[in-house]
Amino acid sequence: MRLGRAARRFVRGLLTSEPPPEWEVLPEGWSARDPRIKGWNVESIGETQKAKWPEALQLASATGPLPVHLWATDLSRPPLSANTVLMAFGYVLALTAWKKDHVSLLDWGGGLGHYKLVSQALLPQVEIEYHCKDVPLLCKVGRELQPTATFHEDDEDCFGRDYDLVMASGSLEYSEDWKGVLRRLAQASRRYLYVTRLPLVHRAASFSVVQRPYRYGYVTEYVSWVVNRQEFLSHVGSLGMPLVREIVLAEGPAIRGAPEPCEIRGFLFERPESQDVRR
């Protein structure tokens with residue numbers, strides 16, 4: 001795995017001491033997070049993912065496994081759960097594109113936009129109008145690599161229109177106000193809303209965690225949610241989008257201090273055709 005200079009220096013420093021756990025509960029909640037936590041808008045994430053872009057392009061144009069996570073050590077050897085993630089996305093994309101030759105897709109938190117490559121590989125006969133919402137540094141790199149995609153840095157620009165398919169893949173949980181974001185994602189959906197790679201628990205209340213993704217070359221930390229499944233489903237139900245399909249994807253990460261082991265699932269919701277999108 002190729003890392004940027006800053007990432008290599010950071011990792012070397014970690015090797016000299018006992019590292020903290022990658023995942024850990026924030027007992028006092030999101031608002032009590034350490035102010036030194038930098039989040040996603042850092043150069044090391046863009047550097048690491050950009051270094052993997054040539055491999056992602058090659059995989060998307062070949063006949064083997066497709067790239068799922070640009071932070072993976074070896075994109076060409078994804079775990080079984082990663083293949084499940086992509087085939088589930090293919091199912092959702094095919095439903096969206098039924099009897100269409102053009103599909104508009106909003107990829108909320110889509111990084112450099114590699115789901116544009118995946119979409120084109122899975123449905124080459126369909127024109128994919130790809131939009132990605134992410135932090136400024138990732139949008140900057142994304143525009144360099146994919147000038148035909150549209151990258152949005154702010155919410156108002158992103159939500160200034162609607163889309164056939166709105167997807168949040170491994171991203172909704174990084175919003176402190178995840179319910180508010182989910183409401184806006186639902187409003188932006190003309191037909192389907194797909195929330196996937198979401199960490200869930202069944203019995204415990206939703207709780208906050210910190211992740212330290214140093215081993216992927218990311219010189220940062222970020223806070224996210226592990227969401228109670230029923231709380232999530234009840235909220236989306238209140239937005240007027242019935243559940244079409246729930247997909248079990250993988251066991252969740254080991255989180256120090258977690259009240260319950262989590263798992264990773266995806267959820268496809270559909271807007272009733274008679275419902276006004278901009279109500």
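Reckoned from all heavy atoms, side chains included, excluding hydrogens, waters and symmetry mates. None of the values given here were measured: they were computed from a predicted structure.
Side-chain atoms of Asp164 and Ser104 include a donor-acceptor pair closer than 3.5 Å. At a cut-off of 3.5 Å, with distance as the only test, no side-chain donor of Gln49 or Tyr216 sits close to an acceptor on the other residue. No hydrogens or angles considered: a donor-acceptor pair under 3.5 Å links the side chains of Glu221 and Tyr214.
When side chains are defined from C-beta on, Lys50 counts as touching Glu144, because their heavy atoms get closer than 4.5 Å. Looking at heavy atoms from C-beta onward, Arg161 lies in side-chain contact with Arg190 at the 4.5 angstrom threshold. For the pair Pro65/Asn83, no side-chain contact is recorded, criterion being any heavy-atom separation below 4.5 Å from C-beta on. In this structure the side chain of Tyr192 reaches within 4.5 angstrom of the side chain of Leu268, judged on heavy atoms. Residues Arg265 and Leu249 fail the side-chain proximity criterion, which asks for heavy atoms closer than 4.5 Å. Residues Leu193 and Leu182 have side chains in contact (heavy-atom distance under 4.5 Å, counting atoms from C-beta outward). Counting heavy atoms from C-beta outward, Leu200 and Cys262 have side chains that stay 4.5 Å or more apart. Residues Lys140 and Leu138 form no side-chain contact, since every pair of their non-hydrogen atoms from C-beta on lies 4.5 Å or further apart.
The pair Glu263-Arg229 does not meet the salt-bridge criterion, since no charged nitrogen lies less than 4.0 angstrom from a carboxylate oxygen. Under 4.0 Å is where a charged nitrogen must lie from a carboxylate oxygen, and between Lys133 and Asp157 no such pair does.
The two residues Trp225 and Ser208 make their nearest non-hydrogen contact at CZ3-OG, 3.5 Å. Here the shortest heavy-atom pairing between Ala121 and Leu66 reads CB-CD2, 3.8 Å. Nearest heavy-atom pair across Tyr130 and Gly110 is OH-O, 4.2 Å. Val118 and Pro67 make their closest contact through CG2-O, 3.6 Å (heavy atoms, listed as atom of the first residue, atom of the second, distance). In this structure, Ser119 and Tyr115 approach most closely via the heavy-atom pair OG-O, 2.7 Å. The heavy-atom pair separating Ala60 from Leu117 by the smallest distance is CB-CB, 3.9 Å.
Side-chain atoms of Glu231 never come within 3.5 Å of backbone atoms of Ala205 as a donor-acceptor pair (strictly under, hydrogens ignored). Distance alone, capped at 3.5 Å, places no donor-acceptor pair between the Asp107 side chain and the Cys132 backbone. No side-chain donor-acceptor contact under 3.5 Å links Thr196 to the backbone of Ser169. Between the side chain of Arg271 and the backbone N or O of Ala186, at least one donor-acceptor pair lies under 3.5 Å. Formation of a donor-acceptor pair under 3.5 Å by the Glu260 side chain with backbone atoms of Val201 is not found in this model.
Surrounding NZ of Lys100 are more than 12 heavy atoms belonging to other residues, nucleotides or ligands, all under 6.0 Å away. The number of heavy-atom neighbours closer than 6.0 Å to NZ of Lys179, taken from other residues, nucleotides and ligands shown, is above 12. Counting heavy-atom neighbours within 6.0 Å of Asp177 CG, excluding the residue itself, gives a total above 12. Counting heavy atoms of neighbouring residues, nucleotides and ligands inside a 6.0 Å radius, atom CD of Glu251 does not exceed 12 of them.
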Just do the side-chain contact (heavy atoms from CB on, under 4.5 Å) check on Ser206 and Trp30 with the steps written out, would you? CA-CA 11 Å; Ser206 301; Trp30 190 295; over 6 Å; no
Quick one: do Thr96 and Arg191 satisfy side-chain contact (heavy atoms from CB on, under 4.5 Å)? Show the steps, please. CA-CA 8 Å; Thr96 306; Arg191 184 67 183 276; 5.8 Å; no
In sequence, state the C-alpha distance, the side-chain angles, and the governing distance for Phe151 and Asp134, and then conclude on side-chain contact (heavy atoms from CB on, under 4.5 Å). CA-CA 7 Å; Phe151 288 85; Asp134 218 303; 5.9 Å; no
With salt bridge (Lys or Arg N to Asp or Glu O under 4.0 Å) as the criterion, how do Glu43 and Lys38 come out once you've worked through the C-alpha distance, each side chain's angles and the decisive distance to 0.1 Å? CA-CA 11 Å; Glu43 291 185 358; Lys38 296 179 285 295; over 6 Å; no
Between Leu122 and Leu86, is a side-chain contact (heavy atoms from CB on, under 4.5 Å) present by the stated rule, with each step listed? CA-CA 9 Å; Leu122 291 175; Leu86 280 186; 5.6 Å; no
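Connection of Phe232 to Val248 is not established within any shared hydrophobic cluster, with ILVMFWY side chains joined at heavy-atom distances below 4.5 Å, either directly or through further cluster members.
Annotation: the span from Ser189 atom OG to Leu239 atom CG amounts to 11.0 Å, rounded to 0.5 Å. Note that NZ of Lys116 is 11.0 Å distant from CD of Glu129, once rounded to the nearest 0.5 Å. The distance from atom CG of Asn41 to atom CG of Leu137, rounded to the nearest 0.5 Å, is 4.0 Å. Between Tyr91 atom OH and Ile247 atom CD1 the span is 6.5 Å, to the nearest 0.5 Å. Note: Asn228 CG to Leu233 CG = 9.0 Å, rounded to the nearest 0.5 Å. Of the inter-residue distances, the one linking Leu70 atom CG with Ile45 atom CD1 reads 11.5 Å to the nearest 0.5 angstrom.
Checking Val195, Leu198, Val227 one by one against Trp178, the side-chain contact (heavy atoms from CB on, under 4.5 Å) holds for a single residue, Val227. When each of Phe159, Tyr163, Tyr194 is checked for a ring pair (Phe, Tyr, Trp, His ring centres under 6.0 Å) with Trp108, only Phe159 meets the rule.
Ring-plane geometry between His152 and His131 is classed as parallel, the angle between the planes falling under 30 degrees on a 0 to 90 degree scale with a further cut at 60.
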